[in-house]
Amino acid sequence: MALPNQNAIDVANLLHVSLLQVDYKSNRYAPALAQSLPQVTLMGDSLTSLDYHLRPAAAWDNGQPVLATDVDFTLKLMQCPGLPNEGARAQFSFIRKIQLDPANPRHFTIVCRGQATELATASGDYPILPEAVLDPTHALRGISLAALQDWPESRAPAPAVAALVQRYQQADLARHPERLPGCGAYKLAVWETGWHLLLQRKAHWWADALRPASPVLQARPQQLDFVIIPDDAVATLALRRHELEVYSPVPARFFQRLQTSAAAQRELFFYSSPSYDIVTAGFNTRRAPLRDKCTRQAISRLFDPVALLKATQLGQGSTTIGLLPPTSPYYNDSLPPLTYAPARAVALLQQAGWRRQPDGTWRHPSLASPLTLRLRYRTDETTFATAALQLQAAAAQLGIPIVLVPTETSVLVSALRSGDFDMYIRLVRGSPFGFNFMPVLHSNAIGNGNFTGFGTPATDRLLEGIAVEGNERRKRLMLRKLQAVVREEMPLVPLFFLPIRLVASRRLQPVATSGLKPGYMPATLAWATADSLRAPAH
């Protein structure tokens with residue numbers, strides 16, 4: 001459950017298997033551990049029942065079958081207090097009950113709050129973990145899922161939960177994932193921090209015998225070696241020397257340079273598609289200078305999203321007014337695009353009570369220090385650095401010092417969790433399959449996915465309603481309202497959606513790409529035949 005970044009999520013999906021997984025070729029969810037998509041039954045006007053059957057062949061590494069009790073355990077584990085599961089707690093809080101079939105150990109029913117159509121697929125999108133390893137005495141079976149979800153923070157965990165938490169922490173699974181058996185096709189072979197991670201395919205995997213083979217249960221490469229190359233020029237050179245088979249994401253200028261090379265055209269495939277990942281600035285609303293929304297609005301007016309998109313992505317991607325792409329039918333097109341407007345920023349600062357001093361600084365009568373901001377971002381991401389430098393330069397012209405704090409990836413999340421920042425720039429992952437923004441905006445997620453500290457009872461209710469609303473018209477109105485609220489309150493500043501750019505060796509078969517990270521499915525990679533090698537480049 002400790003999945004601090006996208007890379008960790010990608011690897012977890014190779015070690016474990018979810019009930020349902022996204023098929024990148026069709027851009028739809030497909031059954032993985034589940035035998036088929038769940039059968040949906042609406043219950044009254046506020047609940048949904050989802051009927052699942054597990055594949056009979058699904059098994060753990062020791063040969064024991066994957067059962068409904070493992071799903072029951074996983075859902076409860078995601079709600080146990082004291083574990084690093086805050087994001088999952090918010091994301092899957094709509095699942096209120098799981099009913100096991102005493103006559104069939106592979107059959108179960110999930111009861112969800114709400115009737116949104118996306119609940120059917122969202123209900124199966126998490127890796128299933130083995131109960132026997134982490135809870136050998138089946139202690140969690142005696143505690144309902146709802147009881148764990150509603151457990152008061154002030155109340156000590158139940159003894160069974162406390163013992164499980166201790167066992168989980170002692171296993172140190174974030175550093176030693178190999179201690180937790182999976183039911184995926186790969187196992188961890190080598191992990192050198194900051195350098196590479198090697199996964200090896202299991203000689204015998206339960207899904208090998210499935211006929212027909214599920215598109216999301218393919219595992220073609222015998223090993224997958226993920227290498228971290230912090231220098232883009234070195235990565236490009238490694239690709240040209242055939243030391244890399246796939247390079248993703250490729251920075252815009254390197255992608256363009258390769259595309260215009262006749263030699264690279266003969267050796268490489270090029271892929272580019274819109275993504276759902278948004279470059280976003282965030283404010284620490286718990287800091288006194290940033291509590292007033294007018295101050296946040298003023299600083300936001302110093303970003304220049306159009307110029308940044310052109311400078312960092314060569315104009316590819318799209319600016320946005322919120323957390324939804326402009327192509328979404330729920331996009332609030334009544335809101336004006338965010339534009340660079342320093343004069344408006346000055347007016348908003350004055351409206352917030354700031355006054356410019358003779359020395360050029362800005363002071364507020366209720367605060368001892370002048371307006372100064374510390375901005376964190378990932379040190380290895382040039383797009384974030386460019387946005388930070390643009391904001392710093394624009395703010396300097398108004399007399400607002402911004403201290404840039406480029407931060408190592410391994411340190412950044414803990415710094416954001418502890419509130420050690422005034423602003424940050426980072427990616428927010430989007431999805432075409434649902435509208436659950438609670439992990440980044442709900443007050444229950446403050447200090448975890450919600451690093452801004454923003455959240456009110458009204459916005460919490462709105463977020464909870466959007467996640468489960470089944471009526472299309474009401475959902476549209478609620479999503480448009482959410483975009484308007486975020487624009488008004490400005491805890492976040494969505495700047496632009498990134499494209500995904502991927503380059504692959506022509507020694508591989510054409511890669512099925514997606515707007516979802518990492519942009520392709522590593523387990524489906526396969527080597528080209530002689531005929532496909534003779535095909536023209538695209």
Side chain to side chain donor-acceptor pair (under 3.5 Å) partners of T452, counting only residues at least two apart: N450

Which is it for D333 and R480 under the salt bridge (charged side-chain N to carboxylate O under 4.0 Å, His left out) test, yes or no, and what are the steps along the way? CA-CA 9 Å; D333 52 8; R480 289 176 71 89; 3.4 Å; yes

If you define the side chain from C-beta out and look only at heavy atoms, does anything of V161 sit under 4.5 Å from L140? yes

Do E488 and K481 sit within salt-bridge range, that is, some charged N less than 4.0 Å from a carboxylate O? no

Main-chain N/O of P177 paired to W191 side chain as donor or acceptor, under 3.5 Å: no

Regarding D422 and R287, does a basic nitrogen lie under 4.0 Å from an acidic carboxylate oxygen? yes

Y186 and Q222: side chain donor to acceptor below 3.5 Å: no

Gap separating the CG atom of L20 from the CG atom of D125, nearest 0.5 angstrom: 7.5 Å

S334 and N332: side chain donor to acceptor below 3.5 Å: yes

Apply side-chain contact (heavy atoms from CB on, under 4.5 Å) to F108 and L54, showing your working. CA-CA 9 Å; F108 60 94; L54 294 171; 3.9 Å; yes

Side chains of Y331 and T320: closer than 4.5 Å at any heavy-atom pair? yes

Any side-chain to backbone donor/acceptor pair from Q483 onto Y330? Under 3.5 Å, distance only. yes

Exercise: do N104 and R106 side chains pair donor with acceptor under 3.5 Å: no

Report the distance from atom OG1 of T407 to atom CZ of R426, rounding to the nearest 0.5 Å. 12.5 Å

With a 4.5 Å cut-off on side-chain heavy atoms, are L199 and K187 touching? no

Output, in order, the C-alpha distance, side-chain angles, deciding distance and verdict of side-chain contact (heavy atoms from CB on, under 4.5 Å) for V493 and F283. CA-CA 8 Å; V493 189; F283 294 100; 3.6 Å; yes

Can you check whether V279 reaches L427 side chain to side chain, under 4.5 Å on heavy atoms? yes

Stepwise side-chain contact (heavy atoms from CB on, under 4.5 Å) test for R286 and R291: CA-CA 6 Å; R286 292 160 290 186; R291 283 183 189 142; 5.8 Å; no

side-chain contact (heavy atoms from CB on, under 4.5 Å) evaluation trace for L224 with L197: CA-CA 8 Å; L224 293 166; L197 185 142; over 6 Å; no

Do I128 and L19 make a side-chain contact, defined as non-hydrogen atoms from C-beta onward lying under 4.5 Å apart? yes

Donor-acceptor contact below 3.5 Å, side chain S275 vs main chain G515: no

Find the distance between SG (C112) and CD1 (I95) and round it off to the nearest 0.5 Å. 5.5 Å

Can you see whether R96 engages Q149 through a side-chain donor-acceptor pair at a distance of less than 3.5 angstrom? yes

Taking the six-membered ring for Trp, are F451 and Y424 parallel (under 30°), tilted (30 to 60°) or perpendicular (over 60°)? perpendicular

Would the distance check show the side chain of S248 and the main-chain N or O of L502 forming a donor-acceptor pair, the cut-off being under 3.5 Å? no

Taking E408's backbone N and O only, do any of them form a donor-acceptor pair with R378's side chain (distance below 3.5 Å, no angle check)? no

CG on L525 to CD on Q218, rounded to 0.5 Å: 10.5 Å

Examine Y520 together with Y24 and report whether their ring centres are nearer than 6.0 Å. no

To the nearest 0.5 angstrom, please state how far the OG1 atom of T280 sits from the CG atom of L495. 6.5 Å

Using only atom types and a distance under 3.5 Å, with no angle test, would you say the side chain of S154 pairs donor to acceptor with the backbone of P152? no

Are any side-chain N or O atoms of Q21 and backbone N or O atoms of S18, one a donor and one an acceptor, separated by less than 3.5 Å? yes

H442 backbone acceptor or donor facing D460 side chain under 3.5 Å: no

Within the structure provided, determine whether L134 and Y168 are in side-chain contact (heavy-atom separation under 4.5 Å). yes

Pairwise side-chain contact, S514 with N27, heavy-atom cut-off 4.5 Å (strictly under): yes

Plane angle bin for Y126 and F92 - parallel if under 30°, tilted between 30 and 60°, otherwise perpendicular: perpendicular

Test side-chain hydrogen bond (donor to acceptor under 3.5 Å, both in side chains) applied to E469 and K475, Q115, R474, the passing residue: R474

E489 side chain to P491 main-chain N or O, any donor-acceptor pair under 3.5 Å? no

Side-chain contact, heavy-atom cut-off 4.5 Å: R376 with M423? no

To the nearest 0.5 Å, tell me how far L323 CG sits from F435 CZ. 11.5 Å

Polar contact flag, side-chain donor to acceptor under 3.5 angstrom, S26-D23: yes

